[in-house]
**Student:** 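The structure's right below; bear with me while I get my questions together.
Note that the structure is a prediction, hence the values are computed from the model and not measured.
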Amino acid sequence: MEENSDARVAVGEYKAGWHDPEESTIRFDFGLSEEVVREISSLKNEPQWMTEVRVKAFKHFSERKMPTWGNMSMLEEIDFDKICYYLRSSESTEKDWEDVPEDIRNTFERLGIPEAEQKWLSGVTAQYESEAVYHSIREDLESQGVIFLDMDSGLREYPDLVKKWFCSVVPYSDNKFSALNTAVWSGGSFIYVPEGVHVEMPVQAYFRINAKNMGQFERTLIIADKGSSIHYVEGCTAPTYSTDSLHSAVVELIALPGSHIRYSTIQNWSANVYNLVTKRGIAHENAKIEWVDGNIGSKLTMKYPAVILKGEGSHAEVISVAYSGAGQHQDAGAKIHHLASNTTSKILSKSISKNGGRGSYRGMVTVSPKADNCKLNVVCDALILDEGSRSDTYPTMEVANPTARCEHEASVSKVSDEQLFYLMSRGHSEEESLAMIVNGFFEPFTRELPMEYAVELNQLMALEMEGSIG
Amino acid sequence: MDSTSRYLSMEKPNKADHLWRYTPWKKVHPTGDLSEIPPLSPPEISLGIIDGSELPPGIELKRGVFGEPDFSMSSALTNSFLHSSAETSRWTLVVDKGFSSEKPVIIDIKTGDLASVAHISLEIGKMSEFELITRVTGSSEWFGLLRTGQIQDGAVVNDVVIGLLDRGTMLRSDSIEICRDAQVRAGTVSSGSERTKSDLRYIMRETGGNIRVLGSILSAESMHLDHHIEIHHEAPETFSRLSWHSACGGSSRTIGTGMLTIRKGSIGADAAQIFHNLLLSKTAEADSIPELEVMENDVIGCGHGTANGPIDEEQMFYLKARGFDEDDAKRSLIAAFLNSTLSEMGGVDLHEWLVGELTLQLEALNA
């Protein structure tokens with residue numbers, strides 16, 4: 001119990017579930033129309049081409065049907081007319097922490113953002129509702145030409161770069177939610193790492209939804225130029241309300257030849273948030289893209305980080321964990337497309353279902369006819385901790401080249417009685433033993449995270465395991 | 001509602017429907033006009049022993065099917081269509097309780113040249129023990145086979161369907177219930193038809209059911225062979241294994257999709273499925289989707305896997321070093337790959353017979 005008490009102190013019972021009074025400088029009425037889309041664009045004083053892209057995306061969103069796969073009953077509950085598509089709580093994006101409005105500053109201080117920035121980050125963006133409220137980057141990186149801005153500032157300051165890459169990896173017509181994001185996007189991160197520059201410490205973005213029935217639609221674009229590298233970390237929380245919110249982000253990664261992008265996410269939305277996200281990267285010659293993806297919160301997550309291996313010798317890795325508790329469905333997975341020769345990929349997915357939660361792995365791996373000598377490996381493991389919980393795997397493998405070596409394996413099981421007995425015979429309670437086994441099960445994921453995240457994730461999981469026995 | 005009305009009133013599936021993703025219904029419908037159930041001929045069907053000897057008493061192939069089959073766990077579209085179109089070609093294999101045969105029994109289906117269809121209901125009596133081969137041969141443009149029925153308590157049955165049509169399309173749908181403590185090996189050997197779409201579903205609603213589903217699939221030229229297999233565990237202590245081997249050459253495409261479900265209450269269920277694909281040419285394609293839905297936590301284990309690869313160069317080198325030429329070495333390795341599931345489908349006689357059939361196919365493809 002001692003470990004779990006520590007966990008409670010450290011993270012509380014969904015520690016991010018409080019909310020501040022809603023104080024906004026601009027708040028749109030509920031509902032979405034072309035007028036709303038144009039108004040968002042006008043408010044941001046965007047170039048004409050972006051307004052046009054937004055309007056086209058809105059039309060596509062309006063015409064496109066909801067997905068006919070996945071948890072359709074949960075998806076049908078989303079009422080797009082009862083969502084606020086834009087809410088600004090701060091007049092501008094501040095570079096000095098002290099200039100951020102006090103209540104918002106308090107929120108992020110409670111979440112530990114400024115402390116983390118001082119200790120181990122190269123830069124931070126904090127987004128509150130629709131807009132970034134705080135942004136900073138280390139001076140030495142700035143002097144090397146690294147651009148790390150919120151997306152709106154990126155569009156203002158580097159319009160040509162944004163125009164070149166925006167929608168190049170995830171077109172608005174990709175799916176209904178990428179169309180929605182493209183129509184109403186606001187905030188997110190824009191990063192450009194110049195040729196040969198290695199950003200040694202991670203940069204972080206933290207996304208917070210505070211208002212009820214809020215939609216957060218951030219857009220992130222990361223371009224790593226030749227031979228460069230960057231590690232981007234994002235965290236997400238929201239208050240616990242009885243009504244639902246929608247988070248529908250789009251993330252595009254461009255790894256130019258020889259570069260390396262690692263994108264880590266700890267998604268801990270409260271259990272009233274629909275988390276419907278499109279994340280995709282394109283890897284050129286000898287580039288490497290890694291998605292490290294943790295899904296702990298939300299009501300329904302549908303997220304399948306993807307990599308298009310376009311250049312010869314490129315490599316992709318997706319490591320994901322999902323925890324599904326009461327009323328939650330974590331529908332997560334990965335997609336890798338091998339389009340070039342000598343490309344390699346690895347997917348490792350771990351999921352735990354408890355208290356009636358449902359965890360689904362949905363993945364796709366394809367090898368095109370022209371991609372010779374590809375190697376890929378997919379491993380999915382799932383633990384079901386109690387009656388009434390559920391685990392599914394839906395992997396697809398399409399191989400059109402005889403030289404490819406492809407492996408997929410998956411298993412679903414319960415916690416082994418022998419492992420529990422072993423730990424209990426050494427003095428641990430059953431609950432502690434279970435928490436240790438679960439942390440061990442997630443270990444391949446946590447070891448890929450920065451230390452602070454890994455510790456918090458372990459504590460969070462220990463807390464989630466409370467009450468698992470008896 | 002009868003099956004004709006049911007089919008005609010149904011909305012026809014599109015590509016978003018998982019079952020029809022790779023092989024749309026339009027492609028396997030006999031005429032392509034989805035709004036019609038065209039008239040189809042009955043094939044020639046006979047029951048015998050593979051060596052031509054006399055059938056032992058206790059097994060009979062009767063005309064007609066009693067009652068409306070239970071399609072609750074199967075594709076309503078395919079089964080309604082096949083059931084309706086097979087009105088003049090319905091048969092029931094009645095196997096008495098305790099029936100036993102040392103020699104494999106064969107249902108020989110000769111389609112002739114005309115588009116034809118058959119519905120065979122399996123009524124396999126309790127504690128019976130035998131091997132059943134269902135062989136389909138002929139030159140028809142289109143053949144449909146619907147198999148329904150039950151394998152009753154304690155029966156031990158090896159059930160192999162071998163599709164050897166010279167050309168055309170074969171549409172097959174199985175919906176078989178495995179009763180208490182029954183042990184079944186359900187084999188599929190597929191080679192020949194230009195296009196195959198099969199939907200095989202096995203349901204274990206009672207304790208102790210045990211099934212091994214095995215596939216040996218050989219495709220060449222521009223063949224398109226799509227097999228969907230579902231195994232449903234709905235009772236405690238049920239066991240299943242699915243092992244599917246496909247070798248694809250030419251510009252052919254094989255598709256193997258599996259769905260393994262463990263319903264709540266299936267305590268002690270033990271299930272696994274694996275798809276192996278051997279790609280033999282640059283233009284061949286193999287797709288696998290082994291899906292799993294587990295709603296019970298107290299299971300022995302549930303797993304799945306898939307592996308794709310070319311012919312192993314080291315194995316080729318080994319055989320060539322021992323005097324095999326390139327083609328012989330390749331043919332031997334393909335045969336060995338397919339034989340690994342073939343050898344599990346039944347006893348010595350059945351296996352020898354299957355190897356003979358497969359060898360003929362390999363030679364024909366090679367020629």
**Student:** Between B:Thr341 and B:Gly215 (side chain of the first, backbone of the second, donor and acceptor by atom type, cut-off under 3.5 Å), is there such a pair?
**Tutor:** yes

**Student:** Determine the interplanar angle of the A:Tyr172 and A:His60 rings, folded into 0 to 90°, and report it as parallel if under 30°, tilted if 30 to 60°, perpendicular if over 60°.
**Tutor:** perpendicular

**Student:** Any idea which of B:Gly305, B:Gly309, B:Gly301 has the most non-hydrogen atom pairs under 4.5 angstrom with chain A?
**Tutor:** B:Gly305

**Student:** Going by salt bridge (charged side-chain N to carboxylate O under 4.0 Å, His left out), name the residues that satisfy it together with B:Arg201, two or more places apart in sequence or in a different chain.
**Tutor:** B:Asp199, B:Glu230

**Student:** Can you tell which part of B:Lys282 gets under 4.5 Å to a heavy atom of chain A, answering side chain, backbone, both or neither?
**Tutor:** both

**Student:** Can you tell me which portion of B:Tyr22 sits under 4.5 Å from chain A's heavy atoms? Options are side chain, backbone, both or neither.
**Tutor:** side chain

**Student:** So which part of B:Arg21 gets closer than 4.5 Å to some heavy atom of chain A, the side chain, the backbone, both or neither?
**Tutor:** side chain

**Student:** Quick check on the structure: residues of residues 388-397 of chain A within a heavy-atom distance below 4.5 Å of chain B, by number.
**Tutor:** A:Gly388, A:Ser389, A:Arg390, A:Ser391, A:Asp392, A:Thr393, A:Tyr394, A:Pro395, A:Thr396, A:Met397

**Student:** Have B:His228 and B:Thr257 got a donor and an acceptor in their side chains that come within less than 3.5 Å?
**Tutor:** yes

**Student:** Count the heavy-atom pairs under 4.5 Å between each of B:Asp298, B:Leu279, B:Leu260, B:Thr306 and chain A, then report the option with the highest count.
**Tutor:** B:Thr306

**Student:** Determine, for B:Lys264 against B:Glu296, whether the closest basic-nitrogen to carboxylate-oxygen distance falls under 4.0 angstrom.
**Tutor:** no

**Student:** Within the distance-only criterion (no hydrogens, no angle test), does the side chain of B:Ser246 pair as donor or acceptor with the backbone N or O of B:Thr254 below 3.5 angstrom?
**Tutor:** no

**Student:** Is it true that B:Asp325 and B:Lys320 have a side-chain N and a carboxylate O under 4.0 angstrom from each other?
**Tutor:** no

**Student:** Would you verify whether the NZ or CZ of B:Lys12 falls within 45 degrees of the ring axis of B:Tyr7 while also being under 6.0 Å from that six-membered ring's centre?
**Tutor:** yes

**Student:** Hey, can you tell me if A:Phe80 and A:Phe61 have their rings parallel, tilted or perpendicular (30° and 60° cut-offs)?
**Tutor:** perpendicular

**Student:** For A:Asn377, which atoms come within 4.5 Å of any heavy atom of chain B: side chain, backbone, both, or neither?
**Tutor:** neither

**Student:** What residues of residues 326-337 of chain A sit under 4.5 Å from chain B when you count only heavy atoms?
**Tutor:** none

**Student:** Can you confirm if the NZ or CZ of A:Lys350 lies within 45° of the ring axis of A:Phe445 and under 6.0 Å from the centre of its six-membered ring?
**Tutor:** no

**Student:** Is A:Ser416 reaching over with its side chain to a backbone N or O of A:Glu418, donor-acceptor style, under 3.5 angstrom?
**Tutor:** yes

**Student:** Taking the six-membered ring of B:Trp20, is NZ or CZ of B:Lys197 closer than 6.0 Å to its centre and within 45° of its axis?
**Tutor:** yes

**Student:** Does A:Tyr323 have A:Lys354 sitting over its ring (NZ/CZ under 6.0 Å from centre, angle to axis within 45°)?
**Tutor:** no

**Student:** Would you call B:Asp226 and B:Arg195 a salt bridge, using N to O less than 4.0 angstrom?
**Tutor:** no

**Student:** Under 4.0 Å between a side-chain nitrogen and a carboxylate oxygen: does that hold for B:Asp328 and B:Arg331?
**Tutor:** yes

**Student:** Within residues 398-407 of chain A, which positions have a heavy-atom distance to chain B below 4.5 Å?
**Tutor:** A:Glu398, A:Val399, A:Ala400, A:Asn401, A:Pro402, A:Thr403, A:Ala404, A:Arg405, A:Cys406, A:Glu407

**Student:** As a test of understanding, state which of A:Lys375, A:Glu317, A:His338 forms a side chain to side chain donor-acceptor pair (under 3.5 Å) with A:Ser345.
**Tutor:** A:His338

